[in-house]
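What follows is one structure encoded as structure tokens, with my remarks underneath.
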Amino acid sequence: MGSLPPFLDLPSPDAKFQQIDQTTLLNLFKSQQNHLNYFFQNLNLSQALTFTQTLLNCNGTIFFSGVGKSGFVANKISQTLISLGIRAGFLSPVDALHGDIGALSASDILVLFSKSGNTEELLRLVPCAKAKGAYLVSVTSVEGNALTAVCDMNVHLPLERELCPFDLAPVTSTAIQMVFGDTVAIALMGARNLSKEEYAANHPAGRIGKSLIFKVKDVMKKQNELPICKEGDLIMDQLVELTSKGCGCLLVIDEESHLIGTFTDGDLRRTLKASGEGIFKLTVGEMCNRNPRTIGPDAMAVEAMKKMESPPSPVQFLPVIKDDNILIGIVTLHGLVSAGL
């Protein structure tokens, strides 16, 4: 193999850079842990509770705002609340002054995140938000700041110092903002008695939502997709049916579609090995499994997966039956995985 072109050569480490050793990194993690512990030990729980109760009682939308890193945190917390079914949103302090403040009403709460509490963009937003009648809450970490003096409620997030050696880069302050906001969100989730099913309904495309929403009938194959045969059919006459439907099995039924048993491609190999040429005379009914695992159409899809993987040995499919053992479908492991489960 030839050498890399000059523009792809990896740069050599700058001589002024030092190697980061394990001890240094561990000490940084420990320092950050200590800074976070300072926050937990000094947080005014009464203040935090009043804030949480205020959000819970909000009849409108809970808007969050911030600038820079605090803005990213504010946006993330608003998205957490939305995912819990709580009306929330992010209001950019800059865009708000160019029309977006039209979304704000007198029934809304506006939460302003700022480490210093002196962020100019937020201070310019305050009188406009007040004119709309919104209830204003500042969440800051520096005592005696400008936002505290102009908001209806103030929450102080105790900050010992930033992990940054210059105490400048907002890496600890944003961490405690995130911890505070997300913890309040979970408190609201509990107070609103949000169920697993309601949570799943807000996450229909994710694995969490699918596992709590999808039922067997939503993911099963049915009708013409089913590899069905009768118990009197010769095994060799059903090879196309066995292999063409992508299920790896035959579903053996009677004239009224009652499930009699299953015959898998593994059963075919074992029968061929044991019977040799005798397989040409054998019927599916003679060699099928008459006691297969089955599942109902209204069972959760995730339950089907668990049933497939259960002892004594895993299987790749489950026939789906309704009352009186009537076959109506088949659910396969491949189908469940393809559905995102």
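Just so it is clear, the values below take in all heavy atoms, side chains as well, and ignore hydrogens, waters and symmetry mates. The structure presented is a predicted model; accordingly, all values stated were derived computationally and were not measured.
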Donor-acceptor pairs are to be reported for all side-chain atoms of residues 91-98 against protein atoms at under 3.5 Å, with residues two or more places apart or in another chain.
unit_1	atom_1	unit_2	atom_2	d
Ser92	OG	Val94	N	3.4
Ser92	OG	Asp95	N	3.2

Identify every side-chain donor-acceptor pair in residues 320-340 under 3.5 Å, counting partners at least two apart or on other chains, and give the distances.
unit_1	atom_1	unit_2	atom_2	d
Asn325	ND2	Leu259	O	2.7
Thr332	OG1	Gly335	N	2.9
Ser338	OG	His334	O	2.8

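Here the side chains of Met308 and Leu318 are in contact, with some heavy-atom distance below 4.5 Å. You'll find the side chain of Arg293 reaches within 4.5 Å of the side chain of Ser310, heavy atoms only. The side-chain heavy atoms of Gln32 and Thr172, taken from C-beta on, include a pair separated by under 4.5 Å. Looking at heavy atoms from C-beta onward, Ile176 lies in side-chain contact with Ser141 at the 4.5 angstrom threshold. Contact of the Thr174 side chain with the Phe72 side chain is not registered, since no non-hydrogen atoms from C-beta on lie closer than 4.5 Å. The shortest side-chain heavy-atom distance between Asn145 and His156 does not fall under the 4.5 Å cut-off. Within the 4.5 Å cutoff, side-chain heavy atoms of Thr264 are placed close to those of Asp267. Using a 4.5 Å heavy-atom threshold, the side chains of Asp233 and Asp237 count as separate.
With sequence neighbours left out, Glu225 forms a side-chain hydrogen bond (donor to acceptor under 3.5 Å, both in side chains) with no residue at all. Checked against salt bridge (Lys or Arg N to Asp or Glu O under 4.0 Å), Glu121 has no partners two or more places apart in sequence or in another chain. Residues forming a salt bridge (Lys or Arg N to Asp or Glu O under 4.0 Å) with Asp182 (at least two apart in sequence, or on another chain): Lys76. When the ring pair (Phe, Tyr, Trp, His ring centres under 6.0 Å) test is applied to Tyr199, the partners found at least two apart in sequence or on another chain are His203. With sequence neighbours left out, the salt bridge (Lys or Arg N to Asp or Glu O under 4.0 Å) criterion links Asp21 to no other residue. Annotation: ring pair (Phe, Tyr, Trp, His ring centres under 6.0 Å) contacts of Phe180 (sequence neighbours excluded): Phe51. Legend: residues meeting salt bridge (Lys or Arg N to Asp or Glu O under 4.0 Å) with Lys230, ordered by chain and number and at least two apart, are Glu255.
Of the listed residues (Thr50, Val111, Val139), just one forms a side-chain contact (heavy atoms from CB on, under 4.5 Å) with Val155, and that residue is Val139.
Taking Ile, Leu, Val, Met, Phe, Trp and Tyr as members and joining any whose side-chain heavy atoms lie under 4.5 Å apart, directly or through other members, Leu49 forms no hydrophobic cluster with any other residue. Here Leu239 is tied into one hydrophobic group with Ile235, Met236, Leu242, Leu250, Val252, Ile260, Phe263, Leu268, Leu272, Ile279, Phe280, Leu282, Val284, Met287, each link being a pair of ILVMFWY side chains closer than 4.5 Å. Clustering of Ile, Leu, Val, Met, Phe, Trp and Tyr side chains at separations under 4.5 Å leaves Phe90 isolated, with no partner residue.
In terms of modelled atom types and a separation under 3.5 Å, the side chain of Thr61 and the main chain of Phe63 share no donor-acceptor contact. The backbone N or O of Ser105 lies less than 3.5 Å from a partner atom in the side chain of Asp108, making a donor-acceptor pair. Counting only distance, with no hydrogens or angles, the side chain of Asn75 and the backbone of Gly71 share no donor-acceptor pair below 3.5 Å. Counting only distance, with no hydrogens or angles, the side chain of Lys307 and the backbone of Thr294 share a donor-acceptor pair below 3.5 Å. Between the Glu162 side chain and the Ser173 main chain, a donor and an acceptor come within less than 3.5 Å of each other. In this structure, the side chain of Arg124 does not engage the main chain of Thr119 through any donor-acceptor pair within 3.5 Å.
Under a cut-off of 6.0 angstrom, the local environment of CG in Asp298 is crowded, with over 12 non-hydrogen atoms contributed by other residues, nucleotides or ligands. Counting heavy atoms of neighbouring residues, nucleotides and ligands inside a 6.0 Å radius, atom CD1 of Ile20 does not exceed 12 of them. Within 6.0 Å of CD in Gln316 there are 12 or fewer heavy atoms belonging to other residues, nucleotides or ligands. More than 12 non-hydrogen atoms from other residues, nucleotides or ligands lie less than 6.0 angstrom from CG of Asn57. Atom NZ of Lys221 has more than 12 heavy atoms from other residues, nucleotides or ligands within 6.0 Å.
Atom CZ of residue Phe317 and atom SG of residue Cys249 lie 4.0 Å apart, to the nearest 0.5 angstrom. Rounded to the nearest 0.5 angstrom, Asn202 CG and Ile86 CD1 are separated by 10.0 Å. Taking CG of Leu84 as the start and CD1 of Ile186 as the end, the distance is 5.5 Å to the nearest 0.5 Å. Rounding to the nearest 0.5 angstrom, the gap separating the CD atom in Glu241 from the SG atom in Cys229 is 7.5 Å. Note: Glu120 CD to Ser114 OG = 11.0 Å, rounded to the nearest 0.5 Å. Here CG of Leu159 is found 9.5 Å from CZ of Arg161. Values are rounded to the nearest 0.5 Å.
Minimum heavy-atom separation, Thr52 to Ala187: CG2-CB, 4.0 Å. The minimum heavy-atom distance between Gly66 and Ala74, with the atom names listed, is N-CB, 4.3 Å. Summarising the geometry of Ala88 relative to Leu81, their closest heavy-atom pair is CB-CB, 3.8 Å, with the distance given to 0.1 Å. Contact between Cys164 and Val171 at its shortest, heavy atoms only, is N-CG2, 3.9 Å. Of all the heavy atoms in Phe64 and Ser78, the pair that sits closest is CD1-CB, 3.7 Å. Contact detail for Ala129 and Leu110: the closest heavy-atom pair is CB-CD2, 3.7 Å.
No single ILVMFWY cluster, assembled from side-chain heavy atoms under 4.5 Å apart, contains both Leu163 and Phe40. If you chain together hydrophobic residues whose side chains sit under 4.5 Å apart, Met189 and Leu56 fall into the same group. In the hydrophobic cluster analysis, where Ile, Leu, Val, Met, Phe, Trp and Tyr join through side-chain heavy atoms closer than 4.5 angstrom, Val150 is grouped apart from Met153. Under the 4.5 Å side-chain contact rule for hydrophobic residues, Ile62 and Leu136 do not share a cluster. At a threshold of 4.5 Å between side-chain heavy atoms, the hydrophobic network of Ile, Leu, Val, Met, Phe, Trp and Tyr places Leu188 and Leu194 in one connected group.
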- Decide yes or no on side chain to side chain contact (heavy atoms under 4.5 Å, CB included) for Cys288 and Glu231, but give the supporting numbers first. CA-CA 8 Å; Cys288 72; Glu231 61 178 329; 5.9 Å; no
- Check the pair Ser65, Leu112 against side chain to side chain contact (heavy atoms under 4.5 Å, CB included), reporting the backbone distance first and the verdict last. CA-CA 5 Å; Ser65 189; Leu112 307 171; 3.8 Å; yes
- Yes or no on side chain to side chain contact (heavy atoms under 4.5 Å, CB included) for Ile101 and Leu125, after CA distance, side-chain angles and deciding distance? CA-CA 9 Å; Ile101 200 170; Leu125 174 61; 4.0 Å; yes
